[in-house]
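What follows is one structure encoded as structure tokens, with my remarks underneath.
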Amino acid sequence: MEEKLKLFLRSMISNEGSDLHLKSGAITRVRIHGVLRLLGKDMLTAEEVEGIGRAIMSEEQYVKLKADKSLDFSYILGDEHRFRVNFFYQMDGLSAVFRIIPVDILSLDDLKLPEVIKSFTDIHRGLVLVTGVTGSGKSTTLAAILDKINRETKKHIITIEDPIEFIHKDRGCLINQRAIGQDTHSFSDALRAGLREDPDIILVGEMRDLETIDIALHAANTGHLVFSTLHTLDAKETIDRIIGMFSKEEQNRIRSSLASVLEGVISQRLIPNRQGGRTAAIEVLKKTARIEQLIMENRDYEIPDALFEGKEIYGTQTFDQALLDLLREGRISEEVTLEYATSPADMKLKMEGVGKGALVKEDLNNAEADIFEFKEEEE
């Protein structure tokens with residue numbers, strides 16, 4: 001059965017897919033440029049999916065799957081391809097998703113990310129969050145940030161992931177990568193232990209629960225640089241989500257702590273580009289005196305305006321500013337710009353040359369741009 005799986009995976013790779021979906025009683029599907037497509041015509045039986053699982057799992061993993069009804073682990077195909085795997089039970093039997101993990105770590109320049117993101121590699125303490133929905137490229141961006149730090153500094157980095165995605169080799173830095181389930185029981189356990197392991201930088205794959213968030217804030221407060229992810233759409237929602245997870249009695253303390261340690265929020269959305277693939281539109285919050293004050297005083301609703309106004313001085317930007325930049329560069333169409341805008345009505349006016357930050361038609365470059373295509377990944 002493992003050979004059948006390998007055929008599916010190789011077919012997905014050759015078609016530039018990101019996710020392979022196996023389901024008992026259904027035709028295999030692969031996600032290509034964000035769209036699920038059929039792979040062949042034959043349905044997989046429950047026995048076949050079960051057989052694929054047994055072929056690639058250890059006995060211990062299979063027992064855990066039976067007990068927990070779902071299981072995360074990594075799978076390696078040859079020397080060049082790694083996948084993050086999730087098996088889970090549903091009403092028709094067993095299903096599985098294989099998400100490809102790029103082996104090569106691309107640089108921030110390769111990813112064509114905003115220049116301000118490089119400044120987050122020079123910070124010595126605090127909290128930097130990369131946010132977005134599942135598959136928006138958060139892991140790719142974090143890997144590029146860590147790789148830059150690894151090549152240019154001499155620090156101790158600990159990553160806590162579920163499972164480990166990008167493999168970082170020791171270059172200038174010493175890097176210890178820990179997988180949940182294999183090397184530690186939970187994010188909170190590993191993060192708490194990490195504070196005693198002399199780290200300069202800690203990467204927490206995801207801030208899933210209140211305890212992990214609280215320890216991460218403590219780590220940032222005590223002189224460490226902490227990177228992590230959240231499934232939030234933008235900077236304002238990120239701040240609201242973190243504070244809202246705590247009881248009302250604790251929220252003032254957390255708000256004060258977050259205002260002090262939050263150095264940046266990078267929020268990503270993948271949108272269709274002119275070449276048929278996808279590219280990232282990115283909102284960037286960078287800590288300034290004004291941002292710190294807005295968080296402290298519970299004026300989160302003013303954060304988008306602060307990001308908009310800080311573009312020229314601090315390099316911050318809203319999603320709509322990012323979309324306009326992509327449109328100017330000829331990387332996305334006018335239709336896509338309007339469809340994905342936070343405020344389509346306001347965006348339409350800017351595209352017509354009205355308002356602050358409006359598009360100047362003469363500057364619009366419709367030539368094909370050199371586009372890095374973000375592959376759907378993670379989660």
Side-chain angles (χ1 to χ4, degrees), residues 16 18 32-35 106-120 130-142 144-145 232-237 264-286 303-377:
E16 299 185 344
S18 59
I32 301 173
H33 302 320
V35 179
L106 295 169
S107 71
L108 294 171
D109 289 332
D110 291 334
L111 295 175
K112 304 188 184 303
L113 296 175
E115 194 71 17
V116 66
I117 292 178
K118 291 180 182 178
S119 68
F120 296 134
V130 181
T131 81
V133 299
T134 297
S136 58
K138 298 188 293 294
S139 293
T140 300
T141 297
L142 274 176
I145 290 172
T232 47
L233 292 177
D234 55 32
K236 178 185 176 300
E237 184 184 329
V265 180
I266 304 163
S267 299
Q268 305 190 174
R269 297 177 194 172
L270 292 188
I271 59 175
N273 61 40
R274 289 181 180 272
Q275 276 67 30
R278 292 183 301 168
T279 193
I282 299 179
E283 178 180 279
V284 183
L285 176 150
K286 184 178 181 182
I303 287 175
D305 288 339
L307 301 186
F308 180 90
E309 293 164 8
K311 184 173 175 64
E312 296 302 322
I313 301 173
Y314 303 110
T316 61
Q317 64 184 28
T318 64
F319 273 117
D320 284 1
Q321 285 175 303
L323 287 171
L324 273 176
D325 284 344
L326 292 173
L327 179 61
R328 285 189 183 97
E329 295 165 9
R331 297 171 71 181
I332 62 175
S333 68
E334 293 187 10
E335 293 76 17
V336 165
T337 304
L338 282 174
E339 180 183 352
Y340 284 84
T342 302
S343 173
D346 187 49
M347 178 63 78
K348 190 166 189 209
L349 289 173
K350 284 183 169 57
M351 290 170 64
E352 291 172 352
V354 179
K356 193 173 181 181
L359 183 69
V360 179
K361 287 284 186 181
E362 289 74 15
D363 294 339
L364 188 59
N365 176 16
N366 285 315
E368 287 193 2
D370 179 18
I371 297 173
F372 169 76
E373 181 183 306
F374 268 77
K375 307 293 185 188
E376 180 155 334
E377 44 91 311

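Atoms considered below: every heavy atom in the structure, side chains included; atoms not considered: hydrogens, waters and symmetry mates. Residue numbers start at 1 and run along the sequence shown.
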Legend entry - Stepwise side-chain contact (heavy atoms from CB on, under 4.5 Å) test for Thr131 and Leu233: CA-CA 7 Å; Thr131 81; Leu233 292 177; over 6 Å; no
Inset, instruction - With side-chain contact (heavy atoms from CB on, under 4.5 Å) as the test, would you mind laying out the steps for Leu324 and Gln321 before giving the verdict? - result: CA-CA 5 Å; Leu324 273 176; Gln321 285 175 303; 5.8 Å; no
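Using a distance-only test at 3.5 Å, with no hydrogens or angles considered, no donor-acceptor pair links the side chain of Lys348 to the main chain of Ser343. Under a 3.5 Å cut-off, the side chain of Glu283 and the backbone N or O of Asp234 do not form any donor-acceptor pair. Between the side chain of Asn273 and the backbone N or O of Gly276 there is at least one donor-acceptor pair closer than 3.5 Å.
Looking at Leu285, Ile303, Leu307 one by one, the single match for side chain to side chain contact (heavy atoms under 4.5 Å, CB included) with Val265 turns out to be Leu285. For the side chain to side chain contact (heavy atoms under 4.5 Å, CB included) with Pro114, the qualifying choice from Ile282, Ile266, Leu108 is Ile282, the only one to do so.
Ion pair Arg331/Asp325 not flagged as a salt bridge, since none of the NZ, NE, NH1 or NH2 atoms sits closer than 4.0 Å to an Asp/Glu carboxylate oxygen.
Residue-environment remark: OH (Tyr340) exceeds the threshold of 12 foreign heavy atoms within 6.0 Å.
The OG1 atom of Thr141 lies 6.5 Å from the CD1 atom of Ile117; values are rounded to the nearest 0.5 Å. Taking CG of Asp320 as the start and CE of Met347 as the end, the distance is 4.0 Å to the nearest 0.5 Å. Taking CG of Leu106 as the start and OG1 of Thr140 as the end, the distance is 7.5 Å to the nearest 0.5 Å. Taking NZ of Lys286 as the start and CD1 of Ile313 as the end, the distance is 12.0 Å to the nearest 0.5 Å. Note that OG of Ser333 and CG of Leu338 are 9.0 Å apart. Values are rounded to the nearest 0.5 Å. Taken to the nearest 0.5 Å, the CD atom of Glu312 stands 10.5 Å off from the CD atom of Gln317.
Here the closest heavy-atom approach between residue Val284 and residue Gly315 is recorded as CB-O, 4.4 Å. What you find for Thr337 and Met351 is that their closest heavy atoms are CG2-SD, 4.1 Å. Smallest separation of non-hydrogen atoms from Ala281 and Leu323: CB-CD2, 4.0 Å. Nearest heavy atom pair, residue Ala144 against residue Ser107, reads CB-C, 4.1 Å. For Lys138 against Val130, the heavy-atom pair with the smallest separation is CD-O, 3.5 Å. Closest non-hydrogen pair, Ser136 versus Gln268, comes out as O-NE2, 2.8 Å.
Geometrically, Arg269 engages Phe319 in a cation-pi contact defined by less than 6.0 Å to the ring centre and at most 45° from the axis.
Looking at Thr279 and Ile271, their side chains come closer than 4.5 Å, going by heavy atoms from C-beta outward. Contact of the Thr318 side chain with the Thr342 side chain is not registered, since no non-hydrogen atoms from C-beta on lie closer than 4.5 Å.
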